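Below is one structure, written out as structure tokens; comments come after it.
Quick caveat: nothing in here was measured; it's all calculated off a predicted structure. Every chain is numbered from 1 and lettered A, B, ... according to where its sequence line falls, protein lines coming before strand lines. What you see below is based on every heavy atom in this structure, not just the backbone, and it leaves out hydrogens, waters and symmetry mates.
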Amino acid sequence: MALTMRAAVAAPRGLLRLFCTNSTASSPTFPFTSTPPSGATSTRQMADPSTNLFVSGLSKRTTTENLRAAFQKFGEVVHARVVTDRVSGYSKGFGFVQYATLEDAAKGIEGMDGKFLDGWVIFAEYAKPRPPPGEAASNMTKQYGRPY
DNA sequence: GCTGAGCGA
């Protein structure tokens, strides 16, 4: 039942795998039955391992405290932030959570991905690395993209 | 006060 609800709710990038569960072609009458080059059905759910977690599917009224409290139960959360709009001031519906270690981040994903928060199904995934400032590095030396 | 896919001050 849980897998059905994940497919119903908007999924980030792993949604495509749910629709492509059929391996061997059952209708050889189609000209598009060309055998795929790879054929591997694994190693697709894990992105680049990092302590930064991208949490999406958050409720509009979910705050940073709720996000941190929800992920802190699975590991030590170093930093948590719910992205809010600068103009309206309301949350955009997604946030970022950074764990102390990679294993805590993995446990956080396995523990909070596809779970309910504020009545909405949230999705935990590794966040993409942010571009460095390049110049003026004397202001903020630490960046959440590359903790190591 | 809020739209509901997507990546931040």
Between [N] ([atom2]) and [X] ([atom1]): distance, integer Å:
{"X": "A/Arg61", "N": "B/dG4", "atom1": "CZ", "atom2": "C1'", "value": "14 Å"}
{"X": "A/Gln98", "N": "B/dA9", "atom1": "CD", "atom2": "P", "value": "16 Å"}
{"X": "A/Phe54", "N": "B/dG6", "atom1": "CZ", "atom2": "C1'", "value": "5 Å"}
{"X": "A/Asp48", "N": "B/dC7", "atom1": "CG", "atom2": "P", "value": "16 Å"}
{"X": "A/Trp120", "N": "B/dC2", "atom1": "CH2", "atom2": "P", "value": "11 Å"}
{"X": "A/Leu67", "N": "B/dC7", "atom1": "CG", "atom2": "C1'", "value": "14 Å"}
{"X": "A/Arg68", "N": "B/dG8", "atom1": "CZ", "atom2": "P", "value": "20 Å"}
{"X": "A/Ile122", "N": "B/dC7", "atom1": "CD1", "atom2": "P", "value": "18 Å"}

Under 4.0 Å, heavy atoms only, any strand: does [X] hit a base, just the sugar-phosphate, or nothing?
{"X": "A/Ser88", "answer": "base"}
{"X": "A/Ser59", "answer": "base"}
{"X": "A/Leu58", "answer": "base"}
{"X": "A/Gly95", "answer": "nothing"}

Nearest-nucleotide 5' precedence on DNA chain B, A/Gly89 against A/Ala127: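 Mapping each residue to its closest nucleotide by heavy atoms, the 5'-most match is A/Gly89.
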Toward the 5' end of DNA chain B, by each residue's nearest nucleotide, A/Val97 or A/Ser91: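 By nearest-heavy-atom nucleotide position, the 5'-most residue is A/Ser91.
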Whether A/Asp85 side chain and A/Val87 backbone form a donor-acceptor pair below 3.5 Å: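 Confirmed, A/Asp85 side chain pairs with A/Val87 backbone.
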Side-chain donor or acceptor of A/Tyr99 paired with backbone N/O of A/Phe71 under 3.5 Å: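 Side chain of A/Tyr99 to backbone of A/Phe71: a pair is present.
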State which of [options] makes the closest approach to the side chain of [X].
{"X": "A/Arg81", "options": "B/dC2, B/dG8, B/dG4", "result": "B/dG8"}
{"X": "A/Val83", "options": "B/dA5, B/dA9, B/dG6", "result": "B/dA9"}
{"X": "A/Lys60", "options": "B/dA9, B/dG4, B/dC7", "result": "B/dG4"}
{"X": "A/Ser56", "options": "B/dC2, B/dA9, B/dG6", "result": "B/dG6"}
{"X": "A/Tyr90", "options": "B/dG6, B/dC2, B/dG8", "result": "B/dC2"}
{"X": "A/Arg86", "options": "B/dG6, B/dA9, B/dG8", "result": "B/dA9"}
{"X": "A/Phe96", "options": "B/dA5, B/dG6, B/dC7", "result": "B/dC7"}

A/Phe54 and A/Phe96 aromatic centres sub-6.0 Å: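 A/Phe54 vs A/Phe96: aromatic centres under 6.0 Å.
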Residue pairs, two or more places apart or on separate chains, that pass salt bridge (charged side-chain N to carboxylate O under 4.0 Å, His left out) and touch residues 49-59 of chain A: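 The answer is none; no pair qualifies.
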With A/Tyr126, the side chain to side chain contact (heavy atoms under 4.5 Å, CB included) member among A/Ile109, A/Asp48, A/Asn52, A/Leu102: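 Answer to the side chain to side chain contact (heavy atoms under 4.5 Å, CB included) test with A/Tyr126 among A/Ile109, A/Asp48, A/Asn52, A/Leu102: A/Ile109.
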Partner residues of A/Thr63 under the side chain to side chain donor-acceptor pair (under 3.5 Å) criterion, sequence neighbours left out: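 Testing A/Thr63 for side chain to side chain donor-acceptor pair (under 3.5 Å), a comparison that skips the adjacent residues, returns A/Asn66.
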